[in-house]
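Here's the structure, in structure tokens; my notes come after.
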There are 2 protein chains.
Amino acid sequence: MKDRYHHGDLRHDLIEHAIQIISENGFEQLTLRGAAKQCGVSHNAVYRHFESKEQLIDTCRMYVTELLTAYLEDAVKDQEPASPGTLRELSRAYVRFYLEHPTYFSSLYRNSPVKLQLTMEDTEENYPPFELFRKSCRSWAEARGRSDAECLDLLARTWSLAHGLTSLLISPNVEGTLDWEQCLDTAFLQETGV
Amino acid sequence: MKDRYHHGDLRHDLIEHAIQIISENGFEQLTLRGAAKQCGVSHNAVYRHFESKEQLIDTCRMYVTELLTAYLEDAVKDQEPASPGTLRELSRAYVRFYLEHPTYFSSLYRNSPVKLQLTMEDTEENYPPFELFRKSCRSWAEARGRSDAECLDLLARTWSLAHGLTSLLISPNVEGTLDWEQCLDTAFLQETGV
DNA sequence: CGTCGAATGTTGACAGTGGCAACATCGGGT
DNA sequence: ACCCGATGTTGCCACTGTCAACATTCGACG
């Protein structure tokens, strides 16, 4: 296995193993030395590819963000952008993603390093999953002649509900069962009146 | 200052300083040795009062939970339990509390060690702030002859919205301003139709 | 093909962390 | 007056992230 001095693609391998550790053992278990060992490499090799542990984590975060974004996009690929169903499917997919990958949740939002633009103007930099929600809100609002303020309000409520519902469902100490899809349905029923 | 061998009430002092460190410098900065030094005491003295760092944190969590609970109770002390306003005031107070003490948020919900009972039956052990929401939901639902399922649904949506909105507002990388009280108003308007 | 610099890995060290064990000091009940 | 338990201290350990110095390999250029 470890017959060469050089690893080949250590950077990639490190990310893979880091993600796997987070995914299997939780975020707190991620260790530079542990990840390095799993890659069959000595601890300081990490620093040839990442400046610090935090930067490795950032990279993992980006990776997970891409997974989530793709997951969300796939969930609404057949929807009319301005239909009421799009926003609901986005919310559902958001919750579902973290139910399938619970350990990603804390790693992504720890210290909330995610950039969110709470405005309806287009901006260059925004957290991509949030951007999907924002665009969907705008499509929906524009098709109905709603103001920017109403739209922003809708965006905040939708995102908060999806995010809050997720953190509620993810929590390891929650007992009882909740029909969370029904929850979202109720909310969107109230919203759209349909 | 440090003329006596024994501290007097080290346990209490440790909690105070730990809370202060979390409050001022953020959760990650809390260190057993640091807190001990601030109390003018050598590092291992902590272990005469707490089994581990995690247990000290747990105790701080309880302290903050009591603060939050009192804050919530105070916010609705003049409300009719079954009035639509109660649930809204609870939500507002929940968000307001963490806007006033942002650093408490991550310390309370890190690893989500909070016990939540997602049922409408009375249980002995439940996270007190959540219990306030639950009781308020039940009062509201019973006064209107709603089913337990509808009530649980309301509870989940209300809690999720408050919690999600908070985490959205707390996030250090959020730009733009949001009228979060209006957000809550909209949601409760949809809910109650009033 | 040979050489040399840049990229990549390794070893060793350091300070800081949580936690354990053994010892020191105090204070209250007999 | 004594002594035992509660409380604090010192010293140590394994582990962590990070830095510096050294080793190996790859690839571009002659």
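No hydrogens, no waters, no symmetry mates; every other heavy atom, side chains included, goes into these values. Order of the sequence lines fixes the chain letters, A, B, ..., with proteins taken first and strands second; residue numbering starts at 1 for each chain. From a predicted model like this one, the values you see are computed outputs, not experimental measurements.
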Readout for nucleotides 13-18 of chain C: B = base within 4.0 Å of protein heavy atom, S = sugar-phosphate only, - = neither; 5' to 3' it is B---BB
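At whole-Å resolution of the value, CD in Glu51(A) and P in dA7(C) are 15 Å apart. The nearest whole Å value for the distance from the CD atom in Glu28(A) to the C1' atom in dC15(D) is 16 Å. Atom C1' of nucleotide dG8(D) and atom NZ of Lys37(B) are separated by 16 Å, given to the nearest angstrom. Between the NE2 atom of His49(A) and the C1' atom of dT10(C) there is a distance of 13 Å, given to the nearest Å. For Glu54(B) and dG19(C), the CD to C1' distance is 14 Å, given to the nearest whole Å. Residue Arg11(A) contributes atom CZ, which lies 14 Å from atom C1' of dA7(C) at whole-angstrom precision. Going from atom CD of Gln55(B) over to atom C1' of dG19(C) covers 14 Å, rounded to whole Å. Atom CG of Leu56(A) and atom P of dT16(D) are 14 Å apart (whole Å).
Salt-bridge formation is not detected for the pair Lys135(B)/Asp122(B): no Lys NZ or Arg NE/NH1/NH2 atom is positioned less than 4.0 Å from an Asp or Glu carboxylate oxygen. Taking the charged nitrogens against the carboxylate oxygens, Lys53(B) and Asp58(B) have no contact shorter than 4.0 Å, which rules out a salt bridge.
In this structure, His101(A) and Phe97(A) have tilted ring planes: the angle between them lies in the 30° to 60° band.
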Derivation of the salt bridge (charged side-chain N to carboxylate O under 4.0 Å, His left out) call for Glu191(A) and Arg88(A):
CA-CA 11 Å; Glu191(A) 194 72 53; Arg88(A) 195 187 58 188; over 6 Å; no
Could you please spell out the steps behind the side chain to side chain donor-acceptor pair (under 3.5 Å) verdict for Tyr63(B) and Glu16(B)?
CA-CA 9 Å; Tyr63(B) 177 81; Glu16(B) 295 261 312; 4.7 Å; no
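Between Ser42(B) and dT10(D), a side-chain N or O to OP1/OP2 separation shorter than 4.0 Å is present.
One hydrophobic cluster, built from ILVMFWY side chains closer than 4.5 Å, cannot hold both Met62(B) and Tyr127(B); they sit in different ones.
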